Each structure stands twice: as C-alpha cells, then as structure tokens.
Amino acid sequence: MSAEYKTFTVSHDWSGWEATLRILQDEETTETMREMLLFWSGGPDRIEDAEGDITEAWLVMFGERAFTLSWDAGLPCIKRSFEQAEGWAPLDGSFGIELLNCDDLETDSTDFTTKTIEPKTDKECASC
C-alpha cells in the first residue's frame with residue numbers, strides 16, 4: 001500500500017498569514033520531521049505540547065520560522081532559506097514535505113500608527 005499525501009495550512013492568528021504544505025503520510029517523513037524537531041532546543045517540549053503528534057509539532061515550528069522569513073520574500077526565497085538552514089530538510093518534496101504556498105508579508109504606512117506621550121509634570125510625579 002502506498003502512502004498518501006495530506007495538505008496542511010499553517011496560519012498566524014493576528015496577521016492572517018498562511019502557508020500551505022503537502023506532507024507524505026509515511027514513517028520516513030514522520031522520522032524526518034522528528035529529527036528536525038529534536039535538532040532544535042525545545043523539540044521534546046514541542047512534541048509534548050502537541051501530545052505526541054509529530055506533524056502538528058513540526059508544523060508549528062515551521063510556522064514560527066516561515067512567518068519571520070516571509071517578510072518581503074516570495075515562495076522561492078523562503079524555500080531556499082529552509083534548504084540552506086542547518087537542521088531543516090528542503091521543502092521541495094524530496095523528503096516528503098513540500099511547501100506549496102506561503103504568504104508574503106508586506107507593510108505600508110497605513111499599517112502603523114503613532115502617538116505622542118507627554119512627559120509628566122513635577123506635580124504629577126510628586127507621588128513617584
């Protein structure tokens with residue numbers, strides 16, 4: 001019986017950022033994800049937090065890294081970053097994991113607000 005692929009979406013709650021991956025559902029791919037998790041400190045805790053679900057733990061770890069890499073970077077750049085990073089397998093499908101899509105985070109001037117904080121007067125600071 002041949003293994004099947006499942007498609008997963010990782011999303012970041014407050015920004016709406018998303019990435020879509022296709023993961024082969026076999027023992028070898030699961031072991032590859034486990035090795036990546038255990039390469040980084042906190043890997044065992046991630047697995048425990050996911051109640052032993054290696055795929056879930058790996059997807060969260062992937063999301064944390066991909067989110068930061070995706071600022072003004074397209075899919076090819078993000079894939080290349082993972083390929084070149086120590087402790088990560090390429091996300092081109094060669095290890096059973098393929099990054100299909102990843103949002104490119106961009107900001108512009110409408111994304112920011114400013115406010116002026118007035119210094120306190122001596123009377124306001126009397127109780128300081």
Side-chain angles (χ1 to χ4, degrees):
M1 183 169 119
S2 65
E4 294 185 19
Y5 283 89
K6 279 189 181 177
T7 302
F8 297 87
T9 298
V10 179
S11 58
H12 185 257
D13 291 340
W14 63 261
S15 69
W17 173 90
E18 287 187 346
T20 305
L21 300 104
R22 188 173 76 125
I23 301 176
L24 186 61
Q25 302 300 291
D26 69 356
E27 208 171 297
E28 190 174 330
T29 303
T30 301
E31 186 56 33
T32 297
M33 289 187 292
R34 179 189 314 277
E35 288 174 12
M36 285 187 272
L37 283 159
L38 296 177
F39 179 85
W40 300 101
S41 62
D45 293 334
R46 289 179 183 277
I47 295 168
E48 185 178 317
D49 291 346
E51 298 177 359
D53 186 333
I54 298 299
T55 301
E56 177 71 19
W58 185 87
L59 286 166
V60 170
M61 185 174 74
F62 160 81
E64 291 174 351
R65 180 163 176 85
F67 179 77
T68 59
L69 290 172
S70 64
W71 287 96
D72 293 323
L75 184 62
C77 182
I78 294 166
K79 280 184 168 184
R80 192 169 37 258
S81 293
F82 275 96
E83 185 177 317
Q84 295 170 350
E86 185 178 9
W88 289 93
L91 302 179
D92 60 2
S94 60
F95 284 84
I97 306 165
E98 183 178 7
L99 179 58
L100 301 175
N101 187 34
C102 190
D103 288 347
D104 177 3
L105 290 172
E106 296 177 351
T107 59
D108 63 35
S109 61
T110 62
D111 294 324
F112 297 92
T113 57
T114 63
K115 69 179 181 179
T116 302
I117 300 172
E118 297 295 330
K120 293 186 177 199
T121 64
D122 286 341
K123 287 182 181 181
E124 291 174 318
C125 290
S127 63
C128 297

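Small disclaimer: the values here were computed from a predicted structure and weren't measured.
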Show, in sequence, the C-alpha distance, side-chain angles and deciding distance for Leu91 and Ile78, and conclude whether the side-chain contact (heavy atoms from CB on, under 4.5 Å) test is met. CA-CA 9 Å; Leu91 302 179; Ile78 294 166; 5.9 Å; no
Apply side-chain contact (heavy atoms from CB on, under 4.5 Å) to residues Leu59 and Ile23 and explain how you reach the verdict. CA-CA 10 Å; Leu59 286 166; Ile23 301 176; 4.0 Å; yes
Take Val10 and Trp17 through the side-chain contact (heavy atoms from CB on, under 4.5 Å) test and state the conclusion after the steps. CA-CA 8 Å; Val10 179; Trp17 173 90; 4.2 Å; yes
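Connection of Phe39 to Phe95 is not established within any shared hydrophobic cluster, with ILVMFWY side chains joined at heavy-atom distances below 4.5 Å, either directly or through further cluster members. Taking hydrophobic clusters as Ile, Leu, Val, Met, Phe, Trp and Tyr residues chained together by side-chain heavy-atom distances below 4.5 Å, Leu21 shares a cluster with Leu69. The hydrophobic clustering, which links ILVMFWY residues whose side-chain heavy atoms are closer than 4.5 Å, places Ile54 and Ile97 together. Residues Phe8 and Phe82 fall within the same hydrophobic cluster, defined by Ile, Leu, Val, Met, Phe, Trp and Tyr side chains chained together at heavy-atom separations under 4.5 Å.
Between Trp58 and Phe62, the ring planes are parallel. Angles under 30° get that label, and only those over 60° would be called perpendicular. Ring geometry for Phe67 versus His12: interplanar angle under 30°, hence parallel rather than tilted (30 to 60°).
Trp88 is listed as a side-chain neighbour of Arg65, based on a closest heavy-atom distance under 4.5 Å.
Glu31 CD to Met36 CE: the interatomic distance, rounded to the nearest 0.5 Å, is 10.5 Å. Here the straight-line distance linking atom CD1 of Ile47 with atom CG of Leu37 works out to 5.0 Å at 0.5 Å rounding. Rounded to the nearest 0.5 angstrom, Lys79 NZ and Glu98 CD are separated by 5.0 Å.
Listed for the Thr29 side chain is no donor-acceptor partner under 3.5 Å among the backbone atoms of Gln25. At least one donor-acceptor pair closer than 3.5 Å links the side chain of Asp103 to the backbone N or O of Glu18. In terms of modelled atom types and a separation under 3.5 Å, the side chain of Asn101 and the main chain of Ala19 share no donor-acceptor contact.
Taking all atoms of both residues into account, the shortest heavy-atom contact from Arg46 to Glu64 is NH2-OE1, 2.6 Å. When all heavy atoms are compared, the tightest approach of Leu38 to Gly43 is CD2-C, 4.3 Å. Counting all heavy atoms, side chain and backbone alike, Ala3 lies closest to Leu24 at CB-CD1, 3.8 Å.
Counted within 6.0 Å of CD on Glu28, heavy atoms from surrounding residues, nucleotides or ligands total 12 or fewer; the atom is thus considered open.
Under 4.0 Å is where a charged nitrogen must lie from a carboxylate oxygen, and between Arg80 and Glu83 no such pair does.
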